[in-house]
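A short write-up of the structure that comes next.
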Amino acid sequence: MSKQIIEFGGCRFELLTDAENDFLGLGSIHIGNAQVRSSRLPLSPTFHTFASGQAVTRLKFLGVDQQTHELRFRTRVMGAPMLKLPYRDYHLSPVFSGLDWDRVTEQELGDLDLVISRADSKVGPYRFQGFAYRYEYRSSQNPIYFLHDRASWELDGDIMGATVYSQSVCADPLVTFAGETAWTTEERNENAGYSDNSVITHAYPRWAGHQAFDYQFKDNATLIGSYTKLGLICSVLRRDPGQAELKTFDTHWFTESLSVNTPDKRIMINLDPKTPTGQRNLWTWTLDDENRRARAEIGMREVPQVPSLQMNYWVNFTYETYRKDLLPAASAAGIPLVYIDNVNRSAMTEGFPGGNMCQSHDYEPAPLLGGTERLKALVDDARQQGVRVMSWTSTAQGPTTPLVRKHAHEKGWFVRMEDGRTISGDTHTTDFFLLNMAQEAPRSQWVDGLKRIRATTGLDSYYLDMFWNVTFAPVNYENLQPATQWRQVLQALSDLQEQGIDFQSEISAFTQSRCGYHPNYQKMENLFLSYKLIFQKAGLAELWSVAEWYRVLAHQSSPALALFYDKIRIDQIWTPAHRQALTDYMKMLPLMHTRHLQDDGRSVLWHDAKGEKATLFNFERRQVPLPGKVSDITADKSLPESDSYALEPLHTYGFRLKVADV
């Protein structure tokens with residue numbers, strides 16, 4: 001193996017080639033004097049084609065082009081037929097290639113360049129520097145529909161001793177690596193009825209199931225990997241015991257094309273001195289920046305993180321059930337949002353045996369549940385009591401729906417599986433079928449239906465059940481031409497948001513976010529990682545204590561509150577202190593723009609968007625100097641101006657910031 005060091009933009013890249021001058025990838029990389037990846041596992045891409053079934057065998061190295069603005073490693077992709085092709089036959093069996101097996105016949109698939117450019121960014125007071133890389137593929141006859149980037153990133157070239165923060169659906173959000181520490185964002189759910197195939201997390205895309213960036217640090221050194229623009233990028237991170245690498249597998253999915261550019265991934269480092277709290281704040285501000293940038297690309301605003309009360313009846317309910325059970329409890333407790341089951345026609349409401357409310361039919365209020373008139377009465381009644389109603393929805397249809405009966409054999413209406421024929425329901429293929437949101441007619445069926453419901457009933461909030469992210473992530477194989485639909489889904493959400501309709505979904509930059517399946521999200525010491533997430537408290541036997549509840553709200557997080565705890569309705573055990581904490585939170589929420597965790601851990605400080613006003617959630621009795629005029633929000637009074645203030649535990653304070661404090 002040959003190694004060559006190439007310098008560009010203040011970085012050093014180790015180019016690895018073999019005796020035949022094939023490109024093996026990039027080995028060790030330095031940003032300045034700081035090593036940011038090990039040299040053992042080369043950074044390298046791979047892919048295969050779909051209908052033609054060609055897999056990458058090697059990358060012929062064509063040379064390096066170095067210019068002022070970019071460094072380009074040029075390769076020619078060599079491929080060979082796969083034994084089993086990616087698509088399936090009439091019976092969903094894998095298709096064999098059927099070619100001779102006495103030799104591997106390579107052919108040129110296309111050209112693939114690894115392109116590196118300079119990168120820098122400022123997050124809060126911290127300036128990051130490094131590089132960005134992307135892949136550019138071109139071919140005259142071999143289109144591709146995904147590219148798998150195999151990389152690893154580790155400060156000092158060894159992940160041992162580093163700490164990683166990572167919001168994802170099921171993985172432990174915090175890990176510090178010792179010698180034998182194993183960690184991965186891949187989740188196996190053997191205990192939830194999936195023991196026959198328990199891997200459930202390989203379809204979670206960045207921004208919609210996995211945080212948009214990678215974050216690790218050792219002492220003062222902080223390494224960030226983030227993308228410059230949106231894409232359907234499904235990622236798995238993994239560290240095996242004893243290994244130096246934190247392996248990062250990023251799969252870029254796209255509509256099949258002869259010309260593909262992946263989004264630039266920036267790898268950047270900052271070496272400024274930081275306390276442990278400083279690292280937590282930097283992670284917070286990075287998360288905010290990445291999500292704001294993603295929403296801006298689509299033209300969406302942030303959905304505020306509002307606590308909700310929920311009850312899933314699943315069967316045998318009507319709108320009146322929620323009016324009698326859920327609404328009085330929410331009103332008495334001062335909880336501003338209630339989550340109810342599907343209010344629209346479904347297999348359950350239309351009388352299909354074994355059908356359930358998740359098997360949608362038409363997007364219109366179900367007569368069996370009370371119809372448009374009774375739904376409007378529920379929404380109006382709730383609004384008069386200061387409560388917003390959020391219902392369930394999805395972009396899937398039950399197998400008995402009129403849409404399926406009418407359009408099942410019509411091209412363009414539903415997502416198809418790898419045989420190009422079978423309608424996909426992804427994780428629930430036998431239970432429902434996914435609408436093809438890339439096409440206007442099925443997309444309008446959903447969008448226009450929700451708009452009509454808002455116009456006739458006032459219902460303007462939904463939990464978008466993505467069934468493990470099948471709304472964003474599916475690839476449609478109709479006509480044996482793989483195509484994605486994620487951008488059209490986001491555009492639909494943006495369209496609905498303009499009409500005043502908001503959403504909650506699995507962890508996402510674009511909706512109110514529900515996450516935290518891993519129990520470590522609810523540990524008090526990990527609450528900072530539950531930032532802007534709704535997570536479920538383990539078990540429903542005990543309500544959060546007032547102190548826990550106040551701390552959760554201080555981090556702009558929220559547990560999913562249940563109607564009953566140990567068979568007792570929540571408003572019967574909800575204390576005035578619980579309600580006061582929530583009242584403080586809702587009053588100050590418009591000013592809670594930038595979170596500043598405090599080194600002593602005794603409070604959480606927020607700045608508003610202009611950096612003029614501050615909100616302090618205080619946990620312990622203490623004496624603290626604060627600038628300007630101070631108000632005790634909890635006691636609803638202004639405090640006499642003083643050099644130091646006696647702060648009460650579980651009280652919220654507001655004050656104006658001086659220029660020097662921003």
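On a predicted model such as this, the values are computed, not experimentally measured, just so you know. Count residues from 1 along the sequence.
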Inset, instruction - State whether the side chain of Asn281 and the backbone N or O of Leu597 hold a donor-acceptor pair below 3.5 Å, judged by distance alone. - result: yes
Inset, instruction - Please determine, by modelled atom types, if Arg622 and Ser603 share a side-chain donor-acceptor pair under 3.5 angstrom. - result: yes
Legend entry - Heavy-atom donor-acceptor pair, Ser545 side chain to Glu548 backbone, under 3.5 Å: yes
Legend entry - Side chains of Asn520 and Asp172, donor plus acceptor under 3.5 Å: yes
Legend entry - Residues Thr393 and Trp446: side-chain donor-acceptor under 3.5 angstrom: yes
Inset, instruction - Name the orientation class of the two ring planes belonging to Trp283 and Tyr531 (parallel below 30°, tilted from 30 to 60°, perpendicular beyond 60°). - result: perpendicular
Legend entry - Criterion side-chain contact (heavy atoms from CB on, under 4.5 Å) on Asp584 and Gln580, from CA distance to verdict: CA-CA 6 Å; Asp584 292 355; Gln580 183 62 56; 2.8 Å; yes
Legend entry - Side-chain (Ser513) to main-chain (Ser508) donor-acceptor, under 3.5 angstrom: yes
Inset, instruction - Would you tell me whether Gln279 and Tyr215 have side-chain atoms, one donor and one acceptor, within less than 3.5 Å of each other? - result: yes
Inset, instruction - Mind telling me whether Trp549 and Trp574 have parallel, tilted or perpendicular rings, with 30° and 60° as the class edges? - result: perpendicular
Legend entry - Residue pair Thr184 / Arg239, side-chain donor-acceptor N/O under 3.5 Å: no
Inset, instruction - Look at the rings of Tyr165 and Phe528 and say which category their plane angle falls in: under 30° parallel, 30 to 60° tilted, over 60° perpendicular. - result: perpendicular
Inset, instruction - Give a yes or no answer on whether the side chain of Trp285 reaches the backbone of His596 with a donor-acceptor pair at less than 3.5 Å. - result: no
Legend entry - Under 3.5 Å side-chain donor-acceptor pair for Ser530 and Ser557: no
Inset, instruction - Verify whether one side chain among Asp502 and Ser461 offers a donor that lies under 3.5 Å from an acceptor in the other. - result: no
Legend entry - Salt bridge present between Asp219 and Lys274 (N-O < 4.0 angstrom): no
Inset, instruction - Kindly check if the number of other-residue, nucleotide or ligand heavy atoms within 6.0 Å of CG (Asp381) is above 12? - result: yes
Legend entry - Any donor-acceptor N or O pair under 3.5 Å, side chains His651, Asn618: no
Inset, instruction - Using the six-membered ring wherever Trp is involved, compare the ring planes of Phe510 and Phe472 and label them parallel, tilted or perpendicular (cut-offs 30° and 60°). - result: perpendicular
Legend entry - Pair Asp325-Tyr313, side-chain donor/acceptor within less than 3.5 Å: yes
Legend entry - Residues Gln504 and Gln512: side-chain donor-acceptor under 3.5 angstrom: yes
